[in-house]
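Please read the structure below before turning to the comments.
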Protein chains: 2
Amino acid sequence: MIVRVMSTSVPTPEPSESHRKATQTLESTGPAHSVGFTVSTIGHAVAARFGEILAPLGLEPREFALLRTVAVTEGQSQHAIGERLRIPPSRMVAFVDALEAHGLLERRHDPSDRRTRALHLTEGGRELLDRAFAEAVAHERDLCAELSAEEREQLLELLQRVASRLGLPPGVHSAIGQ
Amino acid sequence: MIVRVMSTSVPTPEPSESHRKATQTLESTGPAHSVGFTVSTIGHAVAARFGEILAPLGLEPREFALLRTVAVTEGQSQHAIGERLRIPPSRMVAFVDALEAHGLLERRHDPSDRRTRALHLTEGGRELLDRAFAEAVAHERDLCAELSAEEREQLLELLQRVASRLGLPPGVHSAIGQ
DNA sequence: TATGAATTATTCATTGACGAAATCATCGGC
DNA sequence: GCCGATGATTTCGTCAATGAATAATTCATA
């Protein structure tokens, strides 16, 4: 499939043996045999589907992430949470505005530092987060339907080794700040 | 970490046993133990890094994909290639404009149907694609640096089983049309 | 305690991407 | 030759992201 690309156009300085081999692998098998390609396509599709799953709840994936973070760090300042999720301040405003408008969380004035707004879940926010969390668990189970428990663990372990090459901060989704 | 979220807020109707177990898994281990979360974070990070790798060549990932597709289907109409990559017509125009402006491909009139524009790589386009392809291969090797050949194959196989749950068209990146 | 620098949240203007619909040229059937 | 269909392009409205300015408050320190 890609053979033609490479075979017709590999430039005159001949590549190293290992390079040639790796290239040939991709040549003969197409993008489906690239870990980078596969993981990024699947990752995008997973995120898209999760977005569809969350849509009926009126949540976007990143709002879910924000809500979840507020839940586990109850009372932190807007700034601190933005820092943690790598969301710039001016965008935090809009996100929190939206969630507050839907009655899911609230800004509270901190008496000791009246510049900051401490974020707290409302009862409704907690309930919605629970429902969304249940959806996420169901989604996870669906994704892994064709894997045994051991295979799932193994997949996670292999993915972690790929992740280690990318220097990803644990627990924070890389897409949330962009 | 997430324990508090669920333990404080799981609503009174108690969930099923299997639900409880799956939920507890995510609770106790955090998002890092979710295949969905992990694969989408890594996928995003991989795509972002690939973008950085391609940037010095003046290419974006989706332009790389477009160029590659033109290379393997040389002479196809703009419409056909857009269909294949699920890129709507009005966006194809802009993409092809940009690549044509950089002298990487050219529109040719088809004498038998003068509505269509057949896309062809230029010499420069072919050379740049080769260089980009070499970068992609190097990127792939870097990502898999901590995997043996067998582990890499196994990772791909496990990912394919996840992909099968998503109904992904083979060989086309799911992000390209959005 | 007064002053200025730093911090937090917010607003505003700009930019750019995206998609939908209108437009233009051309083809094929009748 | 006419008309609907098709491919390519243009135009335009919408929306999100970005970064710079603004306002309120705190902190350091003289």
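Naming convention: chains lettered A, B, ... in sequence-line order (proteins, then strands); numbering from 1 in each chain.
Sorted by first and then second residue, the pairs that involve residues 150-174 of chain A and meet ring pair (Phe, Tyr, Trp, His ring centres under 6.0 Å), not counting sequence neighbours, are A/His173-B/Phe37. Listed by first and then second residue, the ring pair (Phe, Tyr, Trp, His ring centres under 6.0 Å) pairs that reach into residues 66-85 of chain B come to none, sequence neighbours excluded.
Looking at A/Arg141 and A/Val137, their side chains come closer than 4.5 Å, going by heavy atoms from C-beta outward.
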Protein-nucleotides 25-28 of chain C N/O pairs under 3.5 Å:
{"unit_1": "C/dT26", "atom_1": "OP1", "unit_2": "B/Arg114", "atom_2": "NH2", "d": "3.0"}
{"unit_1": "C/dC27", "atom_1": "OP1", "unit_2": "B/Arg114", "atom_2": "N", "d": "3.0"}

Please enumerate all protein N or O atoms sitting under 3.5 Å from an N or O of nucleotides 22-24 of chain C, with distances to 0.1 Å.
none

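Look at CD on B/Gln78: it is 13 Å from C1' on D/dT10, rounded to the nearest Å. As rounded to whole Å, 17 Å separates atom C1' of C/dA20 from atom CD1 of B/Ile87. Note: NE2 (B/His109) to C1' (D/dA8) measures 11 Å, nearest angstrom. If you take CD1 of B/Ile176 and P of C/dG19, they are 13 Å apart, rounded to a whole angstrom. Rounded to an integer number of Å, the gap from A/His79 NE2 to C/dA9 C1' is 10 Å. The separation between A/Gln76 atom CD and C/dT8 atom P is 12 Å, rounded to whole Å. Atom C1' of nucleotide C/dT7 and atom CZ of A/Arg117 are separated by 14 Å, given to the nearest angstrom. Atom pair B/Arg86:CZ and C/dG19:C1' shows a separation of 18 Å (rounding to whole Å applied).
Listed by chain and number, the residues in a side-chain hydrogen bond (donor to acceptor under 3.5 Å, both in side chains) with A/Arg108 are A/Glu106, A/His120 (sequence neighbours excluded). Listed by chain and number, the residues in a salt bridge (Lys or Arg N to Asp or Glu O under 4.0 Å) with B/Glu146 are A/Arg165 (sequence neighbours excluded). Scored by the ring-ring contact (aromatic ring centres under 6.0 Å, His included) test, B/Phe50 finds B/Phe64, B/His139 as partners (sequence neighbours excluded). With sequence neighbours left out, the side-chain contact (heavy atoms from CB on, under 4.5 Å) criterion links B/Gln78 to B/Met92, B/Val93, B/Val96, B/Arg107, B/Arg117, B/Leu119. Every residue meeting the salt bridge (Lys or Arg N to Asp or Glu O under 4.0 Å) condition with A/Glu151, not counting sequence neighbours, appears here in chain and number order: B/Arg161. With sequence neighbours left out, the side-chain hydrogen bond (donor to acceptor under 3.5 Å, both in side chains) criterion links B/Glu52 to no other residue. The side-chain contact (heavy atoms from CB on, under 4.5 Å) search around A/Ala80 returns A/Gln76, A/Ser77, not counting sequence neighbours.
A donor-acceptor pair under 3.5 Å is absent between the side-chain atoms of A/Ser40 and the main chain of B/His44, judged by distance alone.
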Footprint string (nucleotides 15-22 of chain D, 5' to 3'): B base within contact, S backbone only, - free, heavy atoms under 4.0 Å:
--SBB---
